[in-house]
Q: 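Before I ask anything, here is the structure I am working with.
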Amino acid sequence: MVLLRVITPHAQPEPPSQSQQPMPSPSAQAQPQPELSTTTPQILPVPNPVPSYWLREPSQHANLRSTPALPKECDIAIIGSGMAGVLTLYHILQSSAAATPPQVVLLDARQLCSGATGRNGGHAKIKTDTLASLPQGTRGPMQRYVSSVIHALKALVEAENLADECEFELRRSFDVFQDAGAAAAVQAAYDAAVANGEPWTHDYAPLGRAMASGVTSIRGAAAAWSCPCASFWPYKLVAGLLERLVARYPGQLNVQMNTAVTLVQSGSCGTRLHTPRGTVQAGKVVFATNAWTAGVLPQFRGTITPVKGMASHHIPARPVWPHLNSTYNIHFSPSVPASVPRQGTDYLNPRPDGGIVVGGGAYMFRHDRCAWDGNFDDSVRFGGEVERHWEGYMPDTFLGWERSGSKTESVWVGIMGYTGDGMMHVGRIPGNGGGGEEGKRQQWMLAGFNGGGMAMIAVAAKAVAKMVLEDFEFEDVREEFGLLDAFGTNVRRLKGSGNE
């Protein structure tokens, strides 16, 4: 999901923003995980999640069940109705349009898109400092991939006439640093990349101290970089797309919301998905389950870990001009005067109506590891002292907001899926499938987005759709879709996180 980056047991000590693909860490390998026992809680979405700003206008299909009873069988089952699941569904059905589309069942444990996609920051980008910190040979491919995601989102919303509905914008985004030392470190890496002729730097532009505050309106800005991004209302994109698919494929698509998959059994005749409402026998399965992947695929326990984050919505009492028209990642310094001495990195997404979505505040809760690490309960806010982070947020942070009367209108939480190596998992589920050609599982996945799903999903979903339809491996589509080798899921990556 896209809420915020907070530290995991094997990540950097400072929590970067959610709106990036995280860096692999030299210490990214987890310790071996204990054997699961009957007392180990199953990682499944909980009921009654905290309301999110993005979810305040429910889709007509929020609780859709296309048929009163669960279908007994289908060609393809997709678990998860966030952006990953619905975009994969879209490309499966659209790619099959010329022939007879398969029978597809879309399942979700809760309402439509009530997980990470309905709780995140709503912008797709990769931060300057993230690229600068990656190995040189990875920077270009990563930047090209994120750029392809932005272009894919634009093409999708235009093809389906969704741009106005989901408030899609191509924007510039600012990575702003209040601390001069942190800015200097990024500047040195950026200058070296420019000197090396690295193409990713063509779309990234630095602003020094003389310009940074004036251009970004951030108080105490020591430096900033601008970069490309896309901004949109994630829930409305997913809901609008599903509404179109339901109308377009009434005979092929069956949607079953509020239907949790609790057990997956693989066999020579396909995969049996167990739910409280019965079972579905699926020829092929797509796991678009992100933070909850280990709940249905136990081999991913310790490889994809649920991590809890916080976000908020702020509204001014009166219009503030000029209107903020860029998104942000703000690297705070507690030395900059403010009502709350902030630390870490937040992301910020101004809305067309003048409201502001902000996520972050990890420094307020990262000391309490049980509150966020491995925590998949998004029905409970951090509350109390943690939410002091939002007090006076906009006037403290932005020039011109001093007399705005800005208030924090809502605060919510969400669950992200973190991986030990900082890369998402895409491809055929690793391991012996118990039948078929050399044990090949008829199961694929895209999950573990490390808080940066909006910048990762759109192209990966298209790639997974092709894998499913043509029985392909990750390697068969990697080059076509510009996927990094590190995105491919495999047994080695499971072992790297302590799984055998």
Side-chain angles (χ1 to χ4, degrees), residues 8 10 21-22 24 28-36 40 42-43 76-80 84-85 88 261 263-273 282-306 417-450 453 456-457 459-481 483-500:
T8 67
H10 320 294
Q21 177 67 17
Q29 291 194 354
Q31 296 301 312
Q33 299 296 308
E35 291 295 320
L36 299 183
T40 302
Q42 189 171 12
I43 300 172
I76 301 170
I78 299 175
I79 307 172
T88 303
V261 175
L263 178 66
V264 175
Q265 290 182 313
S266 303
S268 58
C269 296
T271 302
R272 183 170 291 276
L273 306 178
K284 299 180 178 182
V285 181
V286 176
F287 293 84
T289 42
N290 200 27
W292 290 280
T293 298
V296 285
L297 295 173
Q299 67 266 42
F300 279 87
R301 186 176 288 269
T303 296
I304 299 179
T305 301
Y418 271 54
T419 63
D421 59 9
M423 296 291 174
M424 63 178 171
H425 282 254
V426 179
R428 194 188 297 269
I429 302 297
N432 191 313
E437 180 189 344
E438 297 297 324
K440 281 170 53 178
R441 292 179 187 263
Q442 293 300 294
Q443 301 170 1
W444 290 261
M445 70 182 299
L446 62 166
F449 303 118
N450 296 278
M456 295 284 113
I457 290 170
V459 173
K462 200 170 185 178
V464 169
K466 185 164 187 175
M467 292 183 225
V468 172
L469 289 171
E470 303 192 29
D471 198 25
F472 278 171
E473 309 300 325
F474 176 85
E475 292 74 17
D476 297 324
V477 303
R478 181 190 59 77
E479 186 173 350
E480 177 182 353
F481 294 99
L483 304 173
L484 276 68
D485 286 337
F487 294 166
T489 190
N490 51 51
V491 172
R492 175 187 56 78
R493 291 184 69 192
L494 294 182
K495 288 182 178 179
S497 292
N499 291 278
E500 296 298 331

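Here the structure is a predicted model, which is why all the values come from computation and not from measurement.
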Q: Determine whether a donor-acceptor pair (N or O, by modelled atom type, separation under 3.5 Å) exists between the side chain of Trp444 and the backbone of Phe472.
A: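 Flag set: sc Trp444 to bb Phe472 pair under 3.5 Å.
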
Q: Quick one: are Phe487 and Phe474 in side-chain contact, heavy atoms under 4.5 Å?
A: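 The answer is yes; the side chains approach within 4.5 Å.
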
Q: Within a strict 4.5 Å, meaning less than it, do heavy atoms of the Ile304 and Thr289 side chains meet?
A: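 A side-chain contact is absent here, since even the closest heavy-atom pair is not under 4.5 Å.
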
Q: When you look at Gln443 and Val264, which way does the side chain to side chain contact (heavy atoms under 4.5 Å, CB included) test go after all the steps?
A: CA-CA 11 Å; Gln443 301 170 1; Val264 175; 4.1 Å; yes

Q: Could you give the distance from CE (Met424) to OG1 (Thr489), rounded to the nearest 0.5 Å?
A: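 Answer for the CE-OG1 pair, Met424 versus Thr489, is 11.5 Å.
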
Q: Could you pull out the closest heavy-atom pair between Val464 and Val286, with the gap in Å?
A: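 Between these two residues, the closest heavy atoms are CG1-CG1, 4.2 Å.
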
Q: For the residue pair Ala77 and Ala282, what are the closest heavy atoms and their distance?
A: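 Closest heavy-atom pair between Ala77 and Ala282: CB-CB, 3.8 Å.
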
Q: Are any non-hydrogen side-chain atoms of His425 and Thr303 less than 4.5 angstrom apart?
A: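 A side-chain contact exists here, since the closest heavy-atom pair is under 4.5 Å.
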
Q: So do the side chains of Lys466 and Phe481 get within less than 4.5 Å of each other, counting heavy atoms only?
A: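 The answer is yes, as the side chains (C-beta and beyond) meet within the 4.5 Å cut-off.
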
Q: For the CD atom on Glu479, are there more than 12 heavy atoms of other groups (residues, nucleotides or ligands in this structure) within a distance under 6.0 Å?
A: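 At most 12 heavy atoms, drawn from other residues, nucleotides or ligands, come within 6.0 Å of this atom.
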
Q: Rounded to the nearest 0.5 Å, how far apart are CE of Met445 and CG of Leu297?
A: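 The CG atom of Leu297 is 6.5 Å from CE of Met445, to the nearest 0.5 Å.
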
Q: Please report the interatomic distance CD(Glu475) to CE(Met467), rounded to the nearest 0.5 Å.
A: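 Taking CD in Glu475 and CE in Met467, the distance rounds to 8.5 Å.
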
Q: Of all heavy-atom pairs between Ser266 and Arg441, which one has the smallest distance, and what is that distance?
A: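 For Ser266 and Arg441, the tightest heavy-atom pair comes out as OG-NH1, 3.5 Å.
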
Q: Do Phe287 and Ile429 come close enough that some side-chain heavy atom pair is under 4.5 Å?
A: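 Answer yes - side chains close enough.
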
Q: With a 4.5 Å limit on heavy-atom distance, are the side chains of Gln265 and Thr271 in contact?
A: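 No, side chains not in contact.
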
Q: Quick one: CG on Leu446 to OG1 on Thr88, what's the gap to the nearest 0.5 Å?
A: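 With rounding to 0.5 Å, CG (Leu446) is 4.5 Å from OG1 (Thr88).
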
Q: Between atom CG of Leu494 and atom CD of Gln299, what is the distance when rounded to the nearest 0.5 Å?
A: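 Leu494 atom CG to Gln299 atom CD measures 6.5 Å (nearest 0.5 Å).
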
Q: Quick check for you: to the nearest 0.5 Å, what is the distance between Leu273 atom CG and Ile79 atom CD1?
A: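 Atom-to-atom, Leu273:CG and Ile79:CD1 are 5.0 Å apart.
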
Q: Are the side chains of Asn450 and Thr419 in touch, meaning some heavy atoms are under 4.5 Å apart?
A: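 Counting from C-beta outward, Asn450 and Thr419 do come under 4.5 Å.
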
Q: Please check if the side chain of Lys284 supplies one atom and the backbone of Gln442 the other of a donor-acceptor pair under 3.5 Å.
A: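 No; zero donor-acceptor contacts below 3.5 Å.
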
Q: Any donor-acceptor pair under 3.5 Å linking the side chain of Asn290 with the backbone of Phe449?
A: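 Such a contact is found between Asn290 side chain and Phe449 backbone.
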
Q: With a 4.5 Å heavy-atom cut-off, do Ile43 and Arg301 have their side chains touching?
A: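 The answer is yes, as the side chains (C-beta and beyond) meet within the 4.5 Å cut-off.
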
Q: Does the distance from a Lys or Arg side-chain N to an Asp or Glu carboxylate O, for Asp471 and Arg428, drop under 4.0 Å?
A: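 Result for this pair is yes, salt bridge flagged.
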
